[in-house]
Amino acid sequence: MSRRRQIYEGKAKILYEGPEPGTLIQYFKDDATAFNAQKKGTISGKGVLNNRISEHVFTLLGTIGVPTHFIRRLNMREQLIRQVEIIPIEVVVRNVAAGSLSKRLGIEEGTQLPRTIIEYYYKDDALGDPLIADEHIACFGWASQEEMNDIADMAVRVNDFLCGLFAAIGIRLVDFKLEFGRIWENDYARVILADEISPDGCRLWDMTTNEKLDKDRFRRDLGGEAEAYQEVARRLGLLPEGENSVLDLDQHRAKRGK
Ligand code: TMP
Ligand code: ASP
């Protein structure tokens with residue numbers, strides 16, 4: 001098989017040239033990083049689970065009319081996506097205080113917020129993805145006002161939908177991060193949801209026990225991260241009971257060198 005052209009390698013994913021113009025292949029790695037890659041590790045099987053979870057969530061979002069880059073899953077670790085021009089902003093939606101919000105403002109983790117907060121971070125590893133205001137986005141031209149309106153509207157819709165999706169399986173959606181990209185149609189740019197939605201970029205707490213089912217297990221050295229990701233996939237109905245998990249299949253394939 002001929003090697004595909006690699007377009008970009010990030011901390012948790014690799015992008016390859018896709019089969020048709022305007023498409024890319026998104027490969028999900030097991031690599032995990034935290035604190036701007038100061039902490040590095042691997043979560044065995046994470047790539048397989050995130051590929052599957054993100055496929056599921058993006059497909060559902062598509063059915064309620066949220067435009068996304070997702071086209072179809074290709075195999076255990078890869079999905080076909082539309083090529084976008086990534087908008088260099090990480091959009092964080094928060095329902096419950098946790099993480100950097102709790103630290104920055106001294107609000108106890110787990111405090112239900114009286115209203116949902118949307119925050120923007122400038123996507124720049126060298127600067128450590130600093131928190132920014134709308135004013136910075138407008139001033140430096142990272143996105144237009146119209147694009148930011150679309151982004152905020154989509155973020156709210158995604159949040160409403162995901163809160164319900166997770167609540168139905170006993171999971172509290174504490175917060176999550178979204179990324180958006182532009183696609184060009186003739187001379188017009190349209191903003192669509194890009195990247196992934198998985199336990200890497202969400203805080204997911206069990207509703208009864210408050211157990212963390214997300215990357216905080218890795219960030220905070222709690223252990224059991226692979227099991228936590230698997231539990232999310234299982235509750236979403238992506239790991240059929242009684243069948244060997246996708247992880248077993250992936251490991252089996254890896255052993256056979258495929
Ligand atoms: P924070 O509380 O550390 O700002 O994180 C808020 C949410 O955003 C949390 O669900 C994790 C996610 N996130 C990312 O996906 N990537 C990042 O680089 C950071 C800092 C957070
Ligand atoms: N994106 C972070 C990093 O740079 C990881 C995280 O905390 O989610 O390593």
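The first residue in the sequence is number 1, and the count goes up from there.
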Asker: Could you walk me through whether Asn51 and Glu55 satisfy the side-chain hydrogen bond (donor to acceptor under 3.5 Å, both in side chains) test, starting with their C-alpha distance in whole Å, then the side-chain angles of each, then the deciding distance to 0.1 Å, before giving a yes or no?
Answerer: CA-CA 6 Å; Asn51 186 24; Glu55 170 198 21; over 6 Å; no

Asker: Determine the minimum heavy-atom distance between Ala194 and Val84, stating which atoms define it.
Answerer: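 Taking Ala194 first and Val84 second, the nearest heavy atoms are CB-CG2, 4.1 Å.
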
Asker: Restricting to non-hydrogen atoms, name the atom on Phe70 and the atom on Thr59 that form the minimum distance, rounded to 0.1 Å.
Answerer: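 That would be CE2-OG1, 3.6 Å.
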
Asker: Walk me through whether Arg182 and Glu147 qualify under side chain to side chain contact (heavy atoms under 4.5 Å, CB included).
Answerer: CA-CA 9 Å; Arg182 276 181 205 106; Glu147 287 173 332; 2.6 Å; yes

Asker: I'd like to know whether Leu80 forms a side chain to side chain contact (heavy atoms under 4.5 Å, CB included) with Ile25, so could you lay out the CA-CA distance, the side-chain angles of the two residues, the decisive distance to 0.1 Å, and finally the verdict.
Answerer: CA-CA 5 Å; Leu80 186 66; Ile25 293 168; 4.2 Å; yes

Asker: Within the distance-only criterion (no hydrogens, no angle test), does the side chain of Arg217 pair as donor or acceptor with the backbone N or O of Gly223 below 3.5 angstrom?
Answerer: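 Between the backbone of Gly223 and the side chain of Arg217 there is a qualifying donor-acceptor contact (under 3.5 Å).
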
Asker: So, does His69 use its side chain to make a donor-acceptor pair with the main chain of Gln83 at under 3.5 Å?
Answerer: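 No, His69 side chain to Gln83 backbone: no donor-acceptor pair under 3.5 Å.
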
Asker: In terms of side-chain geometry, is the basic nitrogen of Glu179 or Lys13 positioned less than 4.0 Å from the acidic oxygen of its partner?
Answerer: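 No.
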
Asker: Under a single-linkage rule joining Ile, Leu, Val, Met, Phe, Trp and Tyr whose side-chain heavy atoms are separated by less than 4.5 Å, which residues share a cluster with Leu131?
Answerer: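 Listed partners: Val92, Tyr121.
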
Asker: Any sub-3.5 Å donor-acceptor pair from Ser54's side-chain atoms to Ile197's backbone N or O?
Answerer: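 The answer is yes, because a donor-acceptor pair under 3.5 Å joins these two groups.
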
Asker: Taking the basic N atoms (NZ, or NE/NH1/NH2) and the acidic carboxylate oxygens, is any pair closer than 4.0 Å for Arg203 and Asp214?
Answerer: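 Here Arg203 does not pair with Asp214 in a salt bridge, since their nearest N and O are not under 4.0 Å apart.
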
Asker: Could you see if Ile7 belongs to whatever hydrophobic cluster contains Tyr16? Use Ile, Leu, Val, Met, Phe, Trp, Tyr and a side-chain cutoff under 4.5 Å.
Answerer: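 No, it is not one cluster - the side chains of Ile7 and Tyr16 are not joined through contacts under 4.5 Å.
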
Asker: Does a side-chain N-to-carboxylate-O contact under 4.0 Å join Asp160 and Arg157?
Answerer: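 Salt bridge between Asp160 and Arg157, a charged N being under 4.0 Å from a carboxylate O: no.
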
Asker: First locate atom CG of Leu213, then atom CE of Met207, and finally report the distance between them rounded to the nearest 0.5 Å.
Answerer: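 Answer for the CG-CE pair, Leu213 versus Met207, is 11.5 Å.
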
Asker: Nearest 0.5 Å, what's the CZ-NZ distance between Phe35 and Lys40?
Answerer: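 Phe35 atom CZ to Lys40 atom NZ measures 14.0 Å (nearest 0.5 Å).
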
Asker: Using the rule that Ile, Leu, Val, Met, Phe, Trp and Tyr join whenever any side-chain heavy atoms are under 4.5 Å apart, tell me whether Val191 and Ile132 fall into a single cluster.
Answerer: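 Yes, Val191 and Ile132 fall within the same hydrophobic cluster.
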
Asker: Linking I/L/V/M/F/W/Y whenever their side-chain heavy atoms sit closer than 4.5 Å, directly or via other members, would Ile89 and Leu193 fall into one cluster?
Answerer: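 Yes, same cluster.
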
Asker: I'd like to know if the side chain of Glu78 reaches the main chain of Asn75, judged simply by a donor and an acceptor atom lying under 3.5 Å from each other, with no hydrogens or angles considered.
Answerer: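 No; judged by distance alone, with no hydrogens or angles, the pair does not exist.
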
Asker: Among Ile183, Asp150, Thr68, find the residue that satisfies the side chain to side chain contact (heavy atoms under 4.5 Å, CB included) test when tested with Ile192.
Answerer: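 Testing each of Ile183, Asp150, Thr68 against Ile192, the sole residue satisfying side chain to side chain contact (heavy atoms under 4.5 Å, CB included) is Ile183.
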
Asker: Step by step, work out the side chain to side chain contact (heavy atoms under 4.5 Å, CB included) result for Lys123 and Glu90.
Answerer: CA-CA 6 Å; Lys123 208 172 138 54; Glu90 300 201 343; 3.7 Å; yes

Asker: Any salt bridge between Asp30 and Arg77, counting N to O under 4.0 Å?
Answerer: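 Result for this pair is yes, salt bridge flagged.
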
Asker: Return the set of residues passing side chain to side chain contact (heavy atoms under 4.5 Å, CB included) with Lys103 (not counting sequence neighbours), or none when no residue passes.
Answerer: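 Per chain and number, Lys103 pairs via side chain to side chain contact (heavy atoms under 4.5 Å, CB included) with no residue.
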
Asker: Does CZ in Arg72 sit with more than 12 non-hydrogen atoms of other residues, nucleotides or ligands closer than 6.0 Å?
Answerer: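 Count not over threshold, so no.
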
Asker: Is a salt bridge present between Asp206 and Arg235, judged by a nitrogen-to-oxygen distance below 4.0 Å?
Answerer: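 Yes, Asp206 and Arg235 are salt-bridged.
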
Asker: Counting only N and O atoms by type, is there a donor-acceptor contact under 3.5 Å from the side chain of Ser102 to the main-chain atoms of Ile107?
Answerer: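 Checked: pair present.
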
Asker: Do other residues, nucleotides or ligands put more than 12 heavy atoms under 6.0 Å from the CD atom of Gln112?
Answerer: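 For Gln112, atom CD is crowded (more than 12 foreign heavy atoms under 6.0 Å).
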
Asker: Within the distance-only criterion (no hydrogens, no angle test), does the side chain of Asn186 pair as donor or acceptor with the backbone N or O of Tyr188 below 3.5 angstrom?
Answerer: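 No; judged by distance alone, with no hydrogens or angles, the pair does not exist.
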
Asker: Whether the side chain of Lys46 engages the backbone of Pro199 through a donor-acceptor N/O pair (distance < 3.5 Å, no angle test) should be reported.
Answerer: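 Not at all, since once roles are kept as given, no pair shorter than 3.5 Å links the two residues.
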
Asker: Could you tell me whether the side chain of Asp31 and the main chain of Ala12 form a donor-acceptor pair under 3.5 Å?
Answerer: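 No, because the side chain of Asp31 does not come within donor-acceptor range (under 3.5 Å) of the backbone of Ala12.
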
Asker: Partners of Trp142 by ring-ring contact (aromatic ring centres under 6.0 Å, His included), sequence neighbours excluded?
Answerer: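 Listed in chain order: Tyr122, Phe140.
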
Asker: Please report the interatomic distance CZ(Arg172) to OG1(Thr208), rounded to the nearest 0.5 Å.
Answerer: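 Atom-to-atom, Arg172:CZ and Thr208:OG1 are 11.0 Å apart.
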
Asker: Do other residues, nucleotides or ligands put more than 12 heavy atoms under 6.0 Å from the CD atom of Glu185?
Answerer: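 More than 12 within 6.0 Å, yes.
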
Asker: Return the CZ to CZ distance between Phe58 and Arg73, rounded to the nearest 0.5 Å.
Answerer: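 Taking CZ in Phe58 and CZ in Arg73, the distance rounds to 15.0 Å.
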
Asker: Is it true that Asp221 and Lys39 make a salt bridge, defined as a side-chain N closer than 4.0 Å to a carboxylate O?
Answerer: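 Yes, charged N to carboxylate O under 4.0 Å.
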
Asker: Which distance, rounded to the nearest 0.5 Å, do you find between the CH2 of Trp205 and the CG of Leu173?
Answerer: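 So the CH2 of Trp205 and the CG of Leu173 are separated by 11.0 Å.
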
Asker: Is atom CZ of Arg5 surrounded by more than 12 heavy atoms (other residues, nucleotides or ligands) closer than 6.0 Å?
Answerer: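 Not more than 12 within 6.0 Å, no.
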
Asker: Do you know which of Val174, Ile117, Asn159, Leu162 makes side chain to side chain contact (heavy atoms under 4.5 Å, CB included) with Asn95?
Answerer: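 Among Val174, Ile117, Asn159, Leu162, the one meeting side chain to side chain contact (heavy atoms under 4.5 Å, CB included) with Asn95 is Asn159.
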
Asker: Between Val57 and Val158, does a side chain to side chain contact (heavy atoms under 4.5 Å, CB included) hold up when you go through it step by step?
Answerer: CA-CA 10 Å; Val57 172; Val158 171; over 6 Å; no

Asker: If you measure from CD on Glu211 to CG on Leu204, what distance do you get to the nearest 0.5 Å?
Answerer: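 Going from CD on Glu211 over to CG on Leu204, the span is 11.5 Å.
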
